[in-house]
A.B. asks: 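Okay, handing you the structure first.
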Amino acid sequence: MGNMPGICWGFQLLILFVHHCYGFYLPGSYMHTYSTKDAIYAKVNSLTSIETELPFSYYSLPYCKPMGGIKKSAENLGELLMGDQIDNSPYRFRMNVNESLYLCTTSPLNEREVKLLKQRTRDLYQVNMILDNLPVMRITKQNGVNIQWTGFPIGYTPPNSNDDYIINHLKFKVLVHEYEGSGVQIIGTGEEGMGVISEADKTKASGFEIVGFEVIPCSVKYDPEVMTKLHMYDNISSVNCPLELDKSQIIREQERISFTYEVEFVKSDIRWPSRWDAYLKMEGSRVHWFSILNSLMVITFLAGIVFVILLRTVRRDLTRYEELDKEAQAQMNEELSGWKLVVGDVFREPNHSKLLCVMIGDGVQIMGMALVTIVFAALGFMSPASRGMLLTGMIILYLFLGIAAGYVAVCLWRTLKGTAEGWRSLSWSVACFFPGIVFVILTALNFILWGSKSTGAIPISLYFILLSLWFCISVPLTLLGGYFGTRAEPIQYPVRTNQIPREIPARKYPSWLLVLGAGTLPFGTLFIELFFILSSIWLGRFYYVFGFLLIVLLLLIIVCAEVSVVLTYMHLCVEDWRWWWNAFFASGSVSLYVFLYSINYLVFDLQSLSGPVSAVLYLGYSMIMAVAIMLATGTIGFITSFYFVHYLFSSVKID
């Protein structure tokens with residue numbers, strides 16, 4: 001009870017602190033409030049297409065440019081790697097002022113511009129516009145159902161026609177919420193927030209907040225002679241979207257295209273913290289909760305049965321063995337069969353032991369990165385509003401987890417070799433193995449992107465930044481982890497290893513067949529979620545169910561561990577003491593199924609993907625994902641199997 005006054009005093013201090021300070025908004029976007037007639041400028045991101053997956057700069061096409069010239073927005077590491085290129089635009093809105101405005105008229109289109117516009121139109125490229133950090137949304141009707149899309153097309157090609165028409169008039173609807181200025185600042189994680197009330201200034205931040213941004217794109221044929229007399233932001237009369245093709249703006253040589261837009265502000269009851277709900281509830285990206293739950297329940301049940309059977313079998317074997325007296329044990333040793341026969345070989349050093357240590361170290365690093373990233377995302381720290389934040393966070397985590405990779409790899413090396421000699425070379429290999437694979441694949445893909453002049457190509461400057469991060473942070477930390485690994489207590493084997501290896505009996509079926517089959521169980525936990533992840537990457541949908549992804553990841557870890565233990569036990573039972581690599585690939589083989597599923601997704605779900613360049617890019621990125629999954633899941637299986645074998649043979653009294 002003596003601590004009670006101190007606790008009460010601390011609590012009062014906390015209340016006082018909250019009373020006098022404003023809340024803050026964690027990663028995402030800050031809430032902006034605007035007064036009537038405040039100027040707001042829209043921004044433009046790269047042009048994207050689900051047909052080619054090659055992003056291009058908005059100003060690679062003959063669009064109107066801002067008066068002060070093109071200025072790039074500051075971008076984080078993740079945005080640059082994803083090919084985002086956010087620029088300013090001439091589209092200016094004034095809060096609560098409904099108006100129709102003229103932007104500009106292009107010079108007569110030349111052959112190159114016409115060819116480019118037609119190609120981008122036929123490849124279904126979308127313009128991605130952003131206002132107050134909200135992507136523009138377009139609503140279309142298909143079979144009587146409203147379908148929501150982000151962005152709007154560059155143009156369209158009517159059925160049974162060789163002509164293409166450009167979108168040159170945009171009808172914007174901006175949804176605004178009147179903010180009463182109660183001194184509540186948004187605090188929270190992601191776009192969902194909590195209010196913390198401050199009495200400091202009741203009227204501060206009152207005004208209007210933008211809670212929605214919609215567009216209806218139109219193609220309108222204007223008279224260039226009339227339009228060229230106008231200046232940017234001159235008022236024009238409101239335009240209805242023409243349905244007749246002869247009143248639409250065709251794309252052909254010597255045509256002069258006039259760009260116009262109109263904006264309407266509509267008051268809405270949507271609150272600022274809920275403004276992303278419309279994007280996250282899009283048709284086509286709804287998660288099939290029931291099927292995922294069903295999958296999780298089946299896998300959990302199956303894994304539980306496997307685990308119980310295994311536990312009972314091993315326990316029964318050990319109990320029977322320990323209940324015998326010494327004479328009976330000696331007699332039984334002569335008649336031993338199964339895993340007890342390999343007691344003198346079970347801890348024999350595996351082939352390519354250095355490579356195994358390297359892969360386990362990298363697997364620890366990747367799994368740690370995935371787990372921490374998904375936990376933070378599930379808590380809401382990485383909302384869709386924070387473009388590129390997820391990828392940036394993953395890279396930073398990967399760099400700093402080098403210390404764990406070096407430590408685990410060197411600890412395993414010391415256990416296998418009985419000495420720390422060669423730990424520096426091992427730590428260097430750990431620091432360069434997986435990043436080296438990624439670097440080679442990305443460089444090859446980058447040459448393809450450079451050849452296509454895509455904004456998805458990694459700039460040379462970013463290459464140097466990534467290399468600097470790799471060699472100035474990841475490598476030193478991995479070496480530091482390796483150094484700590486040399487100081488750690490090595491794991492002692494419970495039994496001695498014989499001088500001469502025991503002969504392994506002939507088997508009815510090859511062990512790799514069993515290893516390949518084992519990967520199907522972890523894949524069963526993963527494949528439904530994998531569909532939504534691939535859709536979010538390649539079809540431009542928002543992925544936001546990180547809570548469910550966290551459950552799937554935890555379940556995957558459990559299943560990988562159990563599958564690997566079962567397979568290791570089966571190998572030992574048939575007197576095969578070479579369990580090390582089998583334990584790794586039993587759970588790591590799930591990556592093969594992930595890669596095959598990616599190919600299946602390319603063939604059946606990305607049918608619109610056109611051209612060999614797009615297919616090569618897709619397969620390159622899928623290969624990186626498969627290698628990362630193999631290292632992470634293989635590491636889980638290996639570490640669990642290692643401790644299982646250690647426990648199993650430390651429980652047996654064999655002289």
A.B. asks: Between Phe638 and Leu412, is there a side-chain heavy-atom distance shorter than 4.5 Å?
C.D. replies: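 Leu412 reaches Phe638 side chain to side chain.
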A.B. asks: Go through the steps for Val645 and Phe347 under the test side-chain contact (heavy atoms from CB on, under 4.5 Å), then give the verdict.
C.D. replies: CA-CA 9 Å; Val645 172; Phe347 291 110; 3.8 Å; yes
A.B. asks: Quick one: closest heavy-atom pair of Trp276 and Pro135, and the distance?
C.D. replies: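 Heavy-atom minimum between the residues: CH2-CD, 3.6 Å.
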A.B. asks: Just wondering, do Ile458 and Leu445 contact through their side chains at under 4.5 Å, heavy atoms?
C.D. replies: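 Counting from C-beta outward, Leu445 and Ile458 never come under 4.5 Å.
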A.B. asks: Considering the options Val590, Ile557, Ile558, Ile629, which one meets the side-chain contact (heavy atoms from CB on, under 4.5 Å) requirement together with Pro522?
C.D. replies: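 Of Val590, Ile557, Ile558, Ile629, side-chain contact (heavy atoms from CB on, under 4.5 Å) with Pro522 is met by Val590 alone.
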A.B. asks: Indicate the atoms forming the closest heavy-atom contact of Asn128 with Gly151, along with that distance.
C.D. replies: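 It is OD1-CA, 4.1 Å.
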A.B. asks: Taking the six-membered ring for Trp and the full ring for Phe, Tyr or His, determine whether the centres of Phe584 and Phe642 are under 6.0 Å apart.
C.D. replies: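 Judged by ring-centre distance (under 6.0 Å), Phe584 and Phe642 do not meet the cut-off.
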A.B. asks: How are the rings of Phe439 and Trp470 set to each other: parallel, tilted or perpendicular (split at 30° and 60°)?
C.D. replies: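 Correct class here is tilted.
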A.B. asks: Hey, does Phe433 have a side-chain heavy atom less than 4.5 Å from the side chain of Leu355?
C.D. replies: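 Yes; the side chains approach each other to less than 4.5 Å.
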A.B. asks: Heavy atoms only: give me the nearest Ile366-Ala628 pair and the separation to one decimal.
C.D. replies: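 Scanning both residues, the minimum pair turns out to be CG2-O, 3.8 Å.
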A.B. asks: Between Leu442 and Ile624, does a side-chain contact (heavy atoms from CB on, under 4.5 Å) hold up when you go through it step by step?
C.D. replies: CA-CA 9 Å; Leu442 283 185; Ile624 292 173; 4.1 Å; yes
A.B. asks: Between atom CG of Leu555 and atom CG of Leu550, what is the distance when rounded to the nearest 0.5 Å?
C.D. replies: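 That separation rounds to 11.0 Å.
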A.B. asks: Distance check, rounded to the nearest 0.5 Å: Met369 atom CE versus Leu399 atom CG?
C.D. replies: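 If we round to the nearest 0.5 Å, Met369:CE and Leu399:CG are 10.5 Å apart.
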A.B. asks: Which atoms form the tightest heavy-atom contact between Val358 and Val430, and what is the distance?
C.D. replies: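 Minimum heavy-atom separation between Val358 and Val430: CA-CG2, 3.8 Å.
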A.B. asks: Should the ring pair Tyr618 and Tyr601 be called parallel, tilted or perpendicular, given that the plane angle runs from 0 to 90° and is split at 30 and 60?
C.D. replies: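 Tyr618 and Tyr601: parallel rings.
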A.B. asks: Could you check whether any side-chain heavy atom of Leu554 comes within less than 4.5 Å of a side-chain heavy atom of Leu371, counting everything from C-beta outward?
C.D. replies: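 Yes, side chains in contact.
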A.B. asks: State whether a side-chain donor-acceptor pair under 3.5 Å links Tyr621 with Ser598.
C.D. replies: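 Absent: no donor and acceptor within the cut-off.
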A.B. asks: Is any side-chain heavy atom of Phe376 less than 4.5 Å from a side-chain heavy atom of Leu397?
C.D. replies: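 Result no, sub-4.5 Å side-chain heavy-atom pair not found.
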A.B. asks: Could you check Thr640 against Thr568 for side-chain contact (heavy atoms from CB on, under 4.5 Å), going step by step and ending with a plain yes or no?
C.D. replies: CA-CA 10 Å; Thr640 317; Thr568 301; over 6 Å; no
A.B. asks: Search all heavy atoms of Gln365 against all heavy atoms of Tyr398 and return the closest pair with its distance.
C.D. replies: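 Of all heavy-atom pairs spanning Gln365 and Tyr398, the closest is NE2-O, 2.6 Å.
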A.B. asks: Run the side-chain hydrogen bond (donor to acceptor under 3.5 Å, both in side chains) check on Ser564 and Ser641 step by step: do they pass?
C.D. replies: CA-CA 6 Å; Ser564 191; Ser641 288; 2.9 Å; yes
A.B. asks: Within the 4.5 Å heavy-atom criterion, are Leu514 and His571 side-chain neighbours or not?
C.D. replies: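 Heavy-atom side-chain distance check passes, below 4.5 Å.
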A.B. asks: Under the side-chain contact (heavy atoms from CB on, under 4.5 Å) criterion, do Val364 and Tyr407 qualify, and how do the steps go?
C.D. replies: CA-CA 10 Å; Val364 166; Tyr407 179 83; over 6 Å; no
A.B. asks: Might you point out which heavy atoms bring Cys357 and Leu416 nearest each other, and give the distance in Å?
C.D. replies: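 Looking at all heavy atoms of both residues, the shortest contact is SG-CD1, 3.8 Å.
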A.B. asks: Measure the shortest side-chain to side-chain distance between Val563 and Val566 over non-hydrogen atoms and say whether it is less than 4.5 angstrom.
C.D. replies: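 Val563 vs Val566: side chains apart.
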A.B. asks: So do the side chains of His646 and Ile491 get within less than 4.5 Å of each other, counting heavy atoms only?
C.D. replies: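 Of all side-chain heavy-atom pairs linking Ile491 with His646, at least one is under 4.5 Å.
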A.B. asks: Going by the angle between their ring planes, with limits at 30° and 60°, are Phe585 and Trp581 parallel, tilted or perpendicular?
C.D. replies: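 It falls in the parallel class, under 30°.
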A.B. asks: Kindly compute the distance separating CG (Leu549) from CG (Leu526), expressed to the nearest 0.5 Å.
C.D. replies: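 Nearest 0.5 Å value for the CG-CG distance: 8.5 Å.
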